[in-house]
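Not measured: the values here are computed from a predicted model. Proteins get letters first, then strands, A, B, ... in listed order; numbering begins at 1 in each.
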Amino acid sequence: MAPPQTVVPANTVWRICMVTTAVQRVFIENISELVPGEVRLRGWIYRLRVLSETAFLILRDCTGEAQCVMATDALKDHRLKVEDVIEVTGQARREPRAKAGFEVEISAIRVLNRAGHSLPFHSAGQVDSVALDTLIQYRPLSLRTEAVGDIFRVQAGLLACFRDALNRRRFTEIVTSKIVGGGTEGGTNLFEIKYFERAAYLAQSPQFYKEHGVAGFERVYETGHVYRAEPHASSRHLTEYYSLDVEFGFIDGPEDVIQLERELLTDMFANLNSQYGEVIGKYRTDLLPSMLKVPCWEFDACLEMLRSECGRTDLVDDLDPEAERQLCERARKETGTPAVFVLGFPLAARPFYTAPRGSGGAASSFDLLFQGIEITTGGQRLHRREDLEAALRDRSIDPANFESHLAMFDLGMPPHGGFAIGLERLTCQVMNLPNVRQAVLYPRDRYKLTP
RNA sequence: GGGGACGUAGUUCAGUUUGGUUAGAACGCCGGCCUGUCACGUCGGAGGUCGCGGGUUCGAACCCCGUCGUCCCCGCCA
């Protein structure tokens, strides 16, 4: 478990808060500095070994685990079980027989709360034989396990690294509404909600607000949930997912957007490797790669490649999951990293704000395929009002319906583009998880609304 | 939305092919024993409306219909 980055020395917090307690509670990671000496710990019972004379109690808090010992007779009075929440007071002392080199001789135990009997699983146990649905059903307990906890610690790290890499590049984080009056790309996959006397929708993307943000700040990003009312049922789709959205101005073309994502992911991964390398090492054989050399292949060339090298004569105007895996494998053979940008999808299949690429019906939009799955869509957007109006009319949409959005393009809108990364999918690829639900605390899909 | 698989103890599963007395295992749980455990060991015990509803049958965990839930693949997408 990677220790969290603490700005304030851990114990300071408790010195402020715990004025009524004579002996201050300390975090387990700090015990070694206090040996020998009296300590007070609070946490969960992680393991319990009761022998005839001596009982061993492994206590766990958010900083680590500590072995505590007590005479079996004295311990039995407390009737403790694994997962009980307790406070332990005792002498921390050097002890070569303990794994950590020290242990705590318990002088007092206070039970703060008891856990039930026959829990679905134990936090110290192997969790790979527990069904995913069971892990989701009992999230607090599964988070206490190392394997599940690792996923969400790394996810938190991804978010922090994403913010850090963009902040250093002069991006400003924005926060926009998820309740909207209309969709950004058509209405079929919007969740409708009651909004007093009229209908509203859950945002399927912060796309418009990001673009408005560019007109204000030049470089913006946003992280937040987006909602897709699509009835898909697969291991990589959610109706609610967390989108890492980036948009910036004064680009020359989609290649600038792709280059930013290369650099962004490279920074994020390097940062993650150094902060969470030990954790990540448990889930993948290699550390996270540099993404600077990830190639960019034209969509048409990809189709040709798949036809000639993989016999895929069935593909016409889109890639299927098998094609995505095949392209990543080809990229891996060529560059050593199973990742590739695919640029120039058919314009007709893309939202109206997508800029064209040449005059052959291709779009200046791209996907990033990473380890066999699409984790990003991005591209250059149209930035002139008249082009947007024409694009809407091409799709038989009355530009008047988008007037409040289009009006923002009269305020001085630079050429711009951006992309969005699905946080859960990225987490899956980083941690080698087969099901996107493993990377969501409380997944929402076509049928799942609880917990 | 299409296709497939599954649902049995707290958990993970066997048992369903070929309906038949008391539904099993492992781990967990409860109790005993064990001078330092760290996946401890060991002896004993408890625990199941076989997802739910209906049907067939002398008899259903097992066969049929419905329903709810879970997992996988595809469509679609991040």
Practice item. Before giving the answer on side chain to side chain donor-acceptor pair (under 3.5 Å), spell out for A/Glu374 and A/Thr377 the whole-Å C-alpha distance, their side-chain angles and the decisive distance to 0.1 Å. Key: CA-CA 8 Å; A/Glu374 176 185 338; A/Thr377 290; 3.0 Å; yes
Considering only the [atom1] atoms, how many Å lie between [N] and [M], rounded to the nearest integer?
N: B/C6; M: B/C62; atom1: P; answer: 14 Å
N: B/G32; M: B/C52; atom1: C1'; answer: 41 Å
N: B/A14; M: B/G7; atom1: P; answer: 7 Å

Check your understanding: Which pairs, with at least one residue in residues 285-296 of chain A and sequence neighbours excluded, count as a side chain to side chain donor-acceptor pair (under 3.5 Å)?
Key ->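 The answer is A/Arg284-A/Asp286.
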Determine whether a donor-acceptor pair (one donor, one acceptor, N or O, separation below 3.5 Å) exists between the side chain of [X] and the base of [N].
X: A/Arg425; N: B/C77; answer: yes
X: A/His237; N: B/C77; answer: yes
X: A/Glu103; N: B/G36; answer: yes

In whole Å, I'd like the distance from the [atom1] atom of [X] to the [atom2] atom of [N].
X: A/Leu319; N: B/C74; atom1: CG; atom2: P; value: 14 Å
X: A/His232; N: B/A78; atom1: NE2; atom2: P; value: 9 Å
X: A/Arg47; N: B/C38; atom1: CZ; atom2: C1'; value: 7 Å

Review point. Do A/Glu87 and A/Arg25 meet the salt-bridge criterion of a basic N to acidic O distance under 4.0 Å?
Key: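 The answer is no: the pair does not qualify as a salt bridge.
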Exercise for review: Mark this stacking check for A/Phe121 against B/G10 as yes or no, applying ring centres under 5.5 Å and ring planes under 30°.
Suggested key: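 No, the aromatic ring of A/Phe121 does not stack with the base.
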Check your understanding: Hey, is the main chain of A/Val294 close enough, under 3.5 Å, to the side chain of A/Arg262 for a donor-acceptor pair?
Key ->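 Yes, because the side chain of A/Arg262 sits within donor-acceptor range (under 3.5 Å) of the backbone of A/Val294.
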Check your understanding: Near A/Trp44 CH2, under 6.0 Å, is it more than 12 heavy atoms from other residues, nucleotides or ligands?
Key ->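 Open.
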Review point. Who pairs with A/Phe162 by ring-ring contact (aromatic ring centres under 6.0 Å, His included), at least two apart in sequence or on another chain?
Key: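 A/Phe162 satisfies ring-ring contact (aromatic ring centres under 6.0 Å, His included) with A/Tyr221 once adjacent residues are dropped.
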Review point. Residues two or more places apart in sequence or in another chain: which of them pass ring-ring contact (aromatic ring centres under 6.0 Å, His included) with A/Phe269?
Key: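 Applying ring-ring contact (aromatic ring centres under 6.0 Å, His included) to A/Phe269 gives A/Phe370.
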Exercise for review: Could you tell me which residues satisfy side chain to side chain donor-acceptor pair (under 3.5 Å) with A/Thr89, sequence neighbours excluded, listed by chain and number?
Suggested key: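 With sequence neighbours excluded, A/Thr89 shows a side chain to side chain donor-acceptor pair (under 3.5 Å) to A/Arg40, given in chain and number order.
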Practice item. For A/Ser129 and for A/Gln67, find the nucleotide of RNA chain B with the closest heavy atom, then tell me which residue's nucleotide is more 5'. Key: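 That would be A/Ser129.
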Review point. When you match A/Val130 and A/Lys99 each to their closest nucleotide on RNA chain B, which lands nearer the 5' end?
Key: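 On the 5' side of the pair lies A/Val130.
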Check your understanding: Which of the following nucleotides, B/U12, B/G36, B/A39, is nearest to the side chain of A/Glu95?
Key ->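 Nearest to the side-chain atoms of A/Glu95, counting from C-beta on, is B/G36.
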**Study point:** Shortest side-chain distance from A/Ala98, nucleotide among B/G1, B/C77, B/G36
**Key:**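 Nearest to the side-chain atoms of A/Ala98, counting from C-beta on, is B/G36.
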Quick test: give all pairs of protein nitrogen or oxygen and nucleotides 71-73 of chain B nitrogen or oxygen below 3.5 Å, distance rounded to 0.1 Å.
from: B/C72; atom 1: OP1; to: A/Asn435; atom 2: ND2; distance (Å): 2.5
from: B/C72; atom 1: OP2; to: A/Asn435; atom 2: ND2; distance (Å): 3.1
from: B/C73; atom 1: OP2; to: A/Ser235; atom 2: OG; distance (Å): 2.8
from: B/C73; atom 1: N4; to: A/Ala233; atom 2: O; distance (Å): 3.1

Study note, to complete from the structure: In 5'-to-3' order, the base (B), backbone-only (S) or no-contact (-) status of each nucleotide in nucleotides 28-35 of chain B, using a 4.0 angstrom heavy-atom cut-off, is BSSS--BS
